[in-house]
Amino acid sequence: MKLIFEKDKYGRTAFSLPKLDVPETKIELEEELLRKEDPGLPQVHELEIVRHYNELERKNHSVDSGFYPLGSCTMKYNPMLNEEMAGMFNNIHPYLDEEHIQGALELMYNLQKHLGEITGMDAITLQPAAGAHGELTGMLIVRKYIEDNGYTNKTKVILPDSAHGTNPASAKMAGFDVLEVKSGPDGRVDLEEFKKVMDDSVAAIMLTNPNTLGLFEKDILEIAKLAHEHHALLYYDGANLNAIMGKVRPGDMGFDIVHLNLHKTFSTPHGMGGPGSGPVGVKEKLKNYLPKPIVDINEDGKYFFNYDIPKSCGRLRTFYGNFGVMVRAYTYILMMGKEGLKFASEMAVLNANYLRKKLEKDFKIAFDDVCKHEFVIDGTFLKEYGVKTLDFAKRLLDYGIHPPTIYFPLIVHEAMMIEPTETESKEELDHFVEVMYKILEEAKTDPEILKEAPYNTPVRRLNETVANKQLKLRG
Amino acid sequence: MKLIFEKDKYGRTAFSLPKLDVPETKIELEEELLRKEDPGLPQVHELEIVRHYNELERKNHSVDSGFYPLGSCTMKYNPMLNEEMAGMFNNIHPYLDEEHIQGALELMYNLQKHLGEITGMDAITLQPAAGAHGELTGMLIVRKYIEDNGYTNKTKVILPDSAHGTNPASAKMAGFDVLEVKSGPDGRVDLEEFKKVMDDSVAAIMLTNPNTLGLFEKDILEIAKLAHEHHALLYYDGANLNAIMGKVRPGDMGFDIVHLNLHKTFSTPHGMGGPGSGPVGVKEKLKNYLPKPIVDINEDGKYFFNYDIPKSCGRLRTFYGNFGVMVRAYTYILMMGKEGLKFASEMAVLNANYLRKKLEKDFKIAFDDVCKHEFVIDGTFLKEYGVKTLDFAKRLLDYGIHPPTIYFPLIVHEAMMIEPTETESKEELDHFVEVMYKILEEAKTDPEILKEAPYNTPVRRLNETVANKQLKLRG
Amino acid sequence: MKNFPYIPHTEEDIKEMMKVIGINDIKELYKDVPKLFEGELNLPSSKSEIEVKRELQELSKRNINLEDYAMFRGAGIYKHYIPSAVYQLATKRNFLTAYTPYQAEVSQGTLQALYEFQTAICELTGMEVANSSMYDGGTAVAEAILMASRVNKKYKALVAKTLHPEYIEVSKTYTESQNIEIELVNYDKKTGRIDLDDLKSKIDDNTSSVVISYPNFFGIIENIKQIKEILPEKVLLIVNAYPIALGLLEAPGNLGADIVVGEGQSLGNYMSFGGPTFGFFASKKKYIRQMPGRIIGETVDAEGKRGFVMVLQTREQHIRRARATSNICSNHALMAVISSVYLSIIGREGLKEIAYQNYQKAHYLARKLIESEKFEPVFEGEFFNEFVIKPLFDLNKFNDILFEEKFIGPINLGNFYKEINNTALFCVTELNTKEEIDYLISKVGEVDEINL
Amino acid sequence: MKNFPYIPHTEEDIKEMMKVIGINDIKELYKDVPKLFEGELNLPSSKSEIEVKRELQELSKRNINLEDYAMFRGAGIYKHYIPSAVYQLATKRNFLTAYTPYQAEVSQGTLQALYEFQTAICELTGMEVANSSMYDGGTAVAEAILMASRVNKKYKALVAKTLHPEYIEVSKTYTESQNIEIELVNYDKKTGRIDLDDLKSKIDDNTSSVVISYPNFFGIIENIKQIKEILPEKVLLIVNAYPIALGLLEAPGNLGADIVVGEGQSLGNYMSFGGPTFGFFASKKKYIRQMPGRIIGETVDAEGKRGFVMVLQTREQHIRRARATSNICSNHALMAVISSVYLSIIGREGLKEIAYQNYQKAHYLARKLIESEKFEPVFEGEFFNEFVIKPLFDLNKFNDILFEEKFIGPINLGNFYKEINNTALFCVTELNTKEEIDYLISKVGEVDEINL
């Protein structure tokens, strides 16, 4: 398929503008600052563009088009109502007087409160733009906490080897040394290993609970106790919050800082990779380190941006966060309510365990135990048929199913990480199981089918080596 | 693919309603009038419905997805702006006080005026819901005219054998006898034949000009003269107006009544078969026979529905017509302006003649002459390869092109009626030509390919005989 | 050369294409056209998107926005709740910009959606077959009358006076030229239902059909069964139904209706100033060949896979021409699909619940109005979500007061029935909150003071 | 059991699934979870769509709707025209509800759209490579500073004080913990451009990068070439560009910029209260391996057909973990695609024309304000579509008056620069009509009478 740039033709246009209605003046500017050559944007008519994007859209798998059990990404249904509601809040400039945007501020204020309640945290910032951005925010809060309390020797952040890659990257960006602890034989943090590395040089421990294997860190209270004894902070990666809403709260487990992914747990669309939104919640003692501003309410009932956070870790981005995403998440929370959120978590966990049980017969489940919202298949057994997890994944595409997250977490070889979410029906899960077994049968009887897959997709298997070698990055 | 009804499961829902907030009362009604069995509507969750329609949508060819040269249907591009503008007018109840809907009325008034100008007519009704509905309206106006003038012997409507099927059907519905005149050897109305049947019993002549062969009725002035000498009315089927905007007006050619298709000429989307909109314009002398109401303006500049049309042919539908379609057409007229509409017609005709010239080498063009917005291929020559126009059309589907209108007009055997419209680019036309020749080559070398076509469509060739035999009309 | 965003032709393109055609000027393509119109159209000049948008916004602001108003007016077009997914799904561009599914293999989206629509209509109405839509409720009734005459070759339709007055007008317009007589049947002054005696007295040998509304224009629920019982066998009973009511009321098909039609707007369509909406049309299967409009049927493809096509096209104009069952060609498919999405979303429980709430809320208001002693009951017949009630003051003035409070009050029946003046037809739907209703009643309470 | 529209599980389903799992109660799935939270969340109960919609509508009404206001405020987020097709195309559901294109074969829509976006950004900025988006302009600048330090292993960034003040804050936040020093460079009080002498004096051996805005926060167009000329070879020049201005101004890449970043909102994105928008990020190709964020590259499939995949993933966290170039993972792909659609629609002529109109309209207003003698010029430097001007009266009070007339006046620079109080930063775009501008000027004319 051609690039839109390759459809360019001089003289075409999809644009119209009113004629300039003011008297013109000569442009007074150094000659070298005036553009010589027009940017090579495409010249096309509107229908061409419409067809272009129509064709492109049809080449995408999406939650709307089919099952998308991408582990750790919580590809749940993105309700239509979210979009309609967000449409009412598009036209707000960030530098309007607060009295003219009381509705937007109230929404943010309410959302802060609701997210605080869901996580068991005392204060929330909505500023971070994504999960990883929330992690960075959290780590910078840790940093401020350390400085403020004079813990000059705290240079390390501990995290399990099953952690999301963004955890170490974010800790590093905040200037910490990263220490990975091995998981135990049950897939959880190995408490003994943990005790070995836990000392006063530790600034924070980053965990996600349930962890990326979908397993609940059963020693969480012990870990929290140890951390706090050493004045370290416990950080909760909210990527997996969808398993526990209304069941247990990070704040109650002893976590001091939490980030959330509104685009995962709270049903806002993933937009091909973003925008997300990664609010961060903290316990009372860390409130003063939050980024500026947060939304507050004064005694007259007026909402306002509170910039009066003297020990703030700073500003993580411009303005106030991804407001459009917040509107969607807020809509979702109102629709679901307290009962609905809890029910969502329960059904997400039910779905995952159902799949796990259905698959465990012939697929090796890594650390096969009651899981929460997701579980991981250890794909090494596929080697005996001469195929890899990658091949298996590509074959799933032929059946219209988006593969699970593959090759993560790193501690499971040839991993397939499956997160069905609560919005999928039993029928959809049964269909997935059926396809999984069908492909397994193919792997056993005719492995070449898998190795050459996919066949029924808009393109056949793509060559990543060529891509990285030629580095053709623009049309 | 399953029907949505086949996805039904007791206990599922995609719907929510606030709890009833008024005190309940017992329903007082004869027992037999209370529903015993719930209507078997599907019980599904929202994601299921979303995926259902996502899948269905992907099975449709549309103007947005590709070339659609469906003769006589003017499948031009439907601008995005039309939709956005229509969105501002959805929430109007038809029985609001006129003072509360002055904007809607002004829009209708302006549209009446603009359409009057484009067609050369003195008054317009926007009431008819579609082209055929406009035809019926026109014929009922003829009827009222006859009655009012005491032309009791006028019982016949003349139309050419190339006319759209709706023309005779509409004339018939209005109580007229239909008389078809044969086309001449040049594809136009045969003036001598016409003269033979033209007498005082003729109430009206229905023509489309250019006609369905895309040819301009060169004797139109003579025909008009003859008609008027016999006190017959000349009716213009606006299906083909897209060829002549700003070039010549039906009113100037002597037509007394015109219907328009806003969904063809004025770029409103065809919506899988409707809604259309079929305004009817008349000359001054017929103004009093228009359906009620039309929009008028009083001396204070207030717009109002004028019901004071004592000789009106009546009411053709409820309320005021397809207002939502009018908003789109009005938007289009403003965007295009007088220059744009004329240019659109010119380019529509240019495109048609370009295709005609490119194809005439190996495809037999019926009445090969300078055409207007469309032309017709006589597909009988395909018989020598053992294939039919239908096979040829089905093969076009494999190339992502919607076939032309086939087997119409009836006067051309194995007809393929091609109307590219002005919104298609030269590149798109060249691609179409290339595909046409490719398929012709296939017909010559391997006709079975065509007979079994299509192959790359969501379903293979569908069996109409089975459908009409089993008459399974519901799930 | 000015460029238009909707037209791709560049100067270069035009030159090349003219060369292929063998002309030097576009005018040559019009050389066979008489020079009757040489000037410019008296229309505005081409505008930019920004300007057009501003102009339309200006017009839009000169209409009230009913989103902001409490609505107590119906009379054929209703403000019901439209779930957010309805339009987002049904107006996807590959639905919106497709036409009649002439090429079924690339129109399965359209065809299956319409087949599902037909199914839903059969379920709602209790009929065996349905077509894939008519223009609106009014034309559906008119076409039903014509169809009945084709079925039984009789040429008089007895139409309840409580059919929507505009439907009566449309029916007259459609039938007059076909020599079918429309005779109106009175309503019972006490109950508001059809006057059975009057009906009986008007039935004769030439009677083709009887047309009633369910509920009728006064909101009153007719007893279809009773009516059917007095009809001679050959006379077809045509029921114009309000589909939302069918969540509570017995399906007309189970009570003896032969043809069931209606206005479909209430099923998830915008009010849209009355159009486009759509008409639905269902009947007993034995009459299918006399049914107007497009019908979708199931079939198989060359490989035996399920698919859908248009069927019974031999009834239609492009084949049958003057002898077609009707001239309807383009219908309102998009609106039918909108309602099909709507019905899938609300589902069987949703429809029941909506109907129930409409009934209850309307009865609550009616009760309260009577209790206020500022209104008097008019009919005894049971109603669904609309009712007729007589204020002891000037209704139009009261409506003006309500309007100031952002309430749209009831229509004045006097606009439609000369014998009933200063009488209100109230409508209440699931969107009317108790708070709104109570506020309206409080305004009624103030009537004395403001002296209407 | 209550049913939720977004959750398909029926009682039956749950029973069957529990049976397969071998449990009798959902609670058993949580048996390993400590009983720390037994109660109910203190949140509202589940609501219906109607109720939620009403609640959000209420909130929405407590914001002004800028559609109805003449806008003379920018400062980082701009009210530009968004062609109607932009959102209709870019937010199609199969774009909206897809995630990061991990499985390229079923993500060619996303991948090609982003590849086209990268292409457009290269064209605009005059750079060789671009990534597929950052969160916003502020983080793009901060990440550019970090990237420069990775490239040249130096740890001081000289940042023009006329970079958007919030970008400076973000940069400080991002760099502080990495021991990169941010030093601000003054502006020339006369021209409003960067103070070249101050810049020169601050460059030292540890200087990694210089960051300027083009135009700067005062709207003034910096001379990139001149700045580049005084920089030592190893120092990277980072230009934060306002993309609309690039229709008129020379591409930074042609003037010596090493990294060009910016806020992309103006390219067809809603203002959305400042988010989500997106940042763009482009550089010379030789630095590509130090670039943060996702990058799309062209490749071929098994049959040699063109396709697109994510490349250089070894820079990213899921492979490189703590040693990744950045922690950015989810970016703002949707907004990038929105801008890509926008740029395709406006095309090269459109961008030029928009930029030209912005320039002309802003200069018209500036001229008229000076002529009114109620304002004094502040800087001599040439500006694009924003300018700084000092009223001889109270700006905030004047803004209140404008607001009553549905005008959003300029921001008061005093909010950002302590040394500049009661000074206006006006913004004018293609959406401001002459009529609006003239009306604003007429209001200025009335200032004396209203005594501010």
Side-chain angles (χ1 to χ4, degrees), chain A residues 14-15 21-22 38-41 43 53 56-57 59-64 85 88 90-92 94 100 102-103 129-130 132 165 168-170 172 174-175 178 252 269-276 314-315 318-319 322-324 334 337-338 340 354 425-426 457 459-460 462 466-467 472 474-475, chain D residues 8 13 17 36 41 43 45-46 52 56 59-60 62-64 66 89 92-94 96-100 104-106 108-110 119 123 135 138 166 169 173 177 270 272-276 297-299 301-302 307 317-318 321-322 324 327 329-334 345-348 350 364 434:
Chain A
F15 187 66
D21 56 359
V22 300
D38 298 335
L41 300 174
Q43 299 170 100
Y53 285 97
L56 284 180
E57 193 220 10
K59 293 184 176 191
N60 262 12
H61 185 94
S62 70
V63 173
D64 274 26
M85 295 303 95
M88 301 191 296
N90 290 328
N91 250 320
I92 310 178
H100 303 147
Q102 283 293 304
S170 299
K172 189 71 193 315
V178 174
D252 301 330
H270 285 66
M272 300 171 280
R315 174 183 273 287
T318 50
F319 314 117
N322 282 341
F323 180 71
L334 292 187
K338 55 188 170 192
Y354 179 73
S425 66
K426 181 172 173 297
T457 45
V459 288
R460 297 288 306 277
L462 288 161
V466 165
K472 189 157 165 32
R474 52 155 297 178
Chain D
D13 289 337
M17 292 168 81
L36 298 164
L41 289 171
L43 293 176
S45 271
S46 170
V52 172
L56 274 288
L59 287 175
S60 149
R62 269 176 267 150
N63 304 316
I64 58 165
L66 286 182
L89 294 176
K92 283 170 178 271
R93 293 282 301 189
N94 295 313
L96 196 69
T97 74
Y99 202 16
T100 308
E105 293 83 0
V106 294
Q108 287 299 297
T110 297
T119 308
E123 285 292 339
Y135 306 134
E166 294 197 10
E169 285 182 65
T173 304
S177 53
Y270 295 131
S272 198
F273 207 16
E298 186 177 322
T299 189
D301 77 355
Q317 335 73 35
H318 55 284
R321 301 183 72 86
N327 74 332
C329 176
S330 284
N331 54 17
H332 282 192
L334 182 68
I345 289 173
I346 64 166
R348 69 179 78 183
Y364 174 73
K434 180 166 182 295

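None of these values were measured; they are calculated from a predicted model. Throughout, protein chains are lettered first and strands after them, A, B, ... in sequence-line order, and every chain is numbered starting at 1.
Of the two parts of A/M272, the backbone and the side chain both hold a non-hydrogen atom closer than 4.5 Å to a non-hydrogen atom of chain D. For D/F273, the parts sitting under 4.5 Å from any heavy atom of chain A are the backbone and the side chain alike. Both the backbone and the side chain of A/V466 have a heavy atom closer than 4.5 Å to some heavy atom of chain D.
Taking every heavy atom of both residues into account, D/N327 and A/A132 meet most closely at ND2-O, 2.8 Å. For the residue pair D/A98 and A/S62, the shortest heavy atom distance occurs at N-CB, 3.9 Å. The shortest non-hydrogen separation linking A/G40 to D/E123 is N-OE1, 2.7 Å. Taking all atoms of both residues into account, the shortest heavy-atom contact from A/A169 to D/R321 is CB-O, 3.6 Å. When all heavy atoms of D/A322 and A/K172 are compared, the pair lying nearest together is O-CG, 3.2 Å.
For the atom pair NE2 (A/H100) and CG (D/L66), the distance works out to 10.5 Å, reported to the nearest 0.5 Å. Atom CD in A/E57 sits 10.0 Å away from atom OG1 in D/T110 (nearest 0.5 Å). We find the CD-CG distance between D/E105 and A/L462 to be 4.5 Å, quoted to the nearest 0.5 Å. The CD1 atom of A/I92 lies 7.5 Å from the OG atom of D/S60; values are rounded to the nearest 0.5 Å. To the nearest 0.5 angstrom, A/Q43 atom CD is 11.5 Å from D/I346 atom CD1. Rounding to the nearest 0.5 Å places CG of A/L41 at 10.5 Å from OG1 of D/T119.
No side-chain heavy atom of D/D301 sits under 4.5 Å from any side-chain heavy atom of A/T457. Here the side chains of D/K92 and A/N60 are not in contact, with every heavy-atom distance at 4.5 Å or above.
In terms of heavy-atom pairs under 4.5 Å with chain A, the best-connected choice from D/A324, D/P276, D/S272, D/C329 is D/P276. Between chain A and the residues D/E169, D/R348, D/Q108, the most heavy-atom pairs under 4.5 angstrom are made by D/R348.
For the salt bridge (charged side-chain N to carboxylate O under 4.0 Å, His left out) test, residues two or more places apart in sequence or in another chain that qualify with D/D13 are B/K9, B/R12.
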Can you list the steps and then say if D/R93 with A/D64 is a salt bridge (charged side-chain N to carboxylate O under 4.0 Å, His left out)?
CA-CA 7 Å; D/R93 293 282 301 189; A/D64 274 26; 2.7 Å; yes

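The backbone N or O of A/G103 sits less than 3.5 Å from a side-chain atom of D/N63, completing a donor-acceptor pair. No donor-acceptor distance shorter than 3.5 angstrom exists from the side chain of D/E298 to the backbone of A/G475, with no hydrogens or angles considered.
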